[in-house]
Amino acid sequence: MMFMDFLREHRAGATHAELTEAMRALTLAVGEERRAGKITLTITLKPLAKGDGLEAHADVKLAAPAPVPGVSIFYPTPEGNLVRQDPRQQSMELREIGPAEAHRGLA
């Protein structure tokens with residue numbers, strides 16, 4: 001029996017279907033996360049207690065890359081609070097200017 005035949009016949013095709021779904025999920029996760037993942041197939045054969053037959057077990061494990069949670073930057077205040085702007089940084093007064101003012105500034 002060829003290996004692919006075994007996968008198609010094991011558990012009436014359930015192992016092949018499970019591997020196919022794992023490959024699809026892994027492909028999508030790696031494409032989205034841009035990090036590696038893997039599928040591990042472990043096949044265990046053991047003799048039956050009576051007779052010449054073998055018991056075949058197949059275990060499929062998917063290790064897809066998990067999304068990396070986003071981060072935010074905060075700064076501590078002397079009182080122990082967290083704020084989004086660094087309290088030690090001076091603020092600049094900014095204002096919007098029109099095209100005519102911008103053109104004069106370049107001259």
Please say whether more than 12 non-hydrogen atoms of neighbouring residues, nucleotides or ligands are located less than 6.0 Å from CG in L82.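 Yes, the 6.0 Å shell around CG holds more than 12 heavy atoms from other groups.
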
For atom CE of M2, decide whether the heavy atoms of other residues, nucleotides or ligands shown that lie under 6.0 angstrom number more than 12.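 Counting other residues, nucleotides and ligands, CE of M2 stays at 12 neighbours or fewer.
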
Please report the shortest heavy-atom distance between [X] and [Y], naming the atom on each side.
X   : Y   : answer
V68 : E33 : N-OE1, 3.7 Å
L45 : A56 : CD2-CB, 3.6 Å
L54 : L48 : N-CG, 4.2 Å
L62 : A25 : CD2-CB, 3.9 Å
L41 : A58 : CD1-CB, 4.1 Å

For side-chain contact (heavy atoms from CB on, under 4.5 Å), just list the numbers for R24 and L28, CA-CA rounded to whole Å, side-chain angles, deciding distance to a tenth of an Å, and then say yes or no. CA-CA 6 Å; R24 186 192 69 74; L28 291 173; 2.9 Å; yes

Got [X] and [Y] here, is their nearest side-chain heavy-atom distance under 4.5 Å?
X   : Y   : answer
D86 : F74 : no
K61 : K38 : no
P65 : V30 : yes
R84 : S72 : yes
H16 : M4  : yes
M23 : T20 : no

Steps toward side-chain contact (heavy atoms from CB on, under 4.5 Å) verdict (T40, V60): CA-CA 6 Å; T40 304; V60 177; over 6 Å; no

Spacing of CG belonging to L7 relative to CG belonging to L19, to within rounding of 0.5 Å: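 Nearest 0.5 Å value for the CG-CG distance: 6.0 Å.
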
Polar side chain donor-acceptor pair, H57 to E55, under 3.5 angstrom: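 Checked: H57/E55 side chains pair up, N/O donor to acceptor below 3.5 Å.
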
The test is side-chain contact (heavy atoms from CB on, under 4.5 Å); show your working for F6 and I43 and say whether it passes. CA-CA 11 Å; F6 168 80; I43 296 175; 3.6 Å; yes

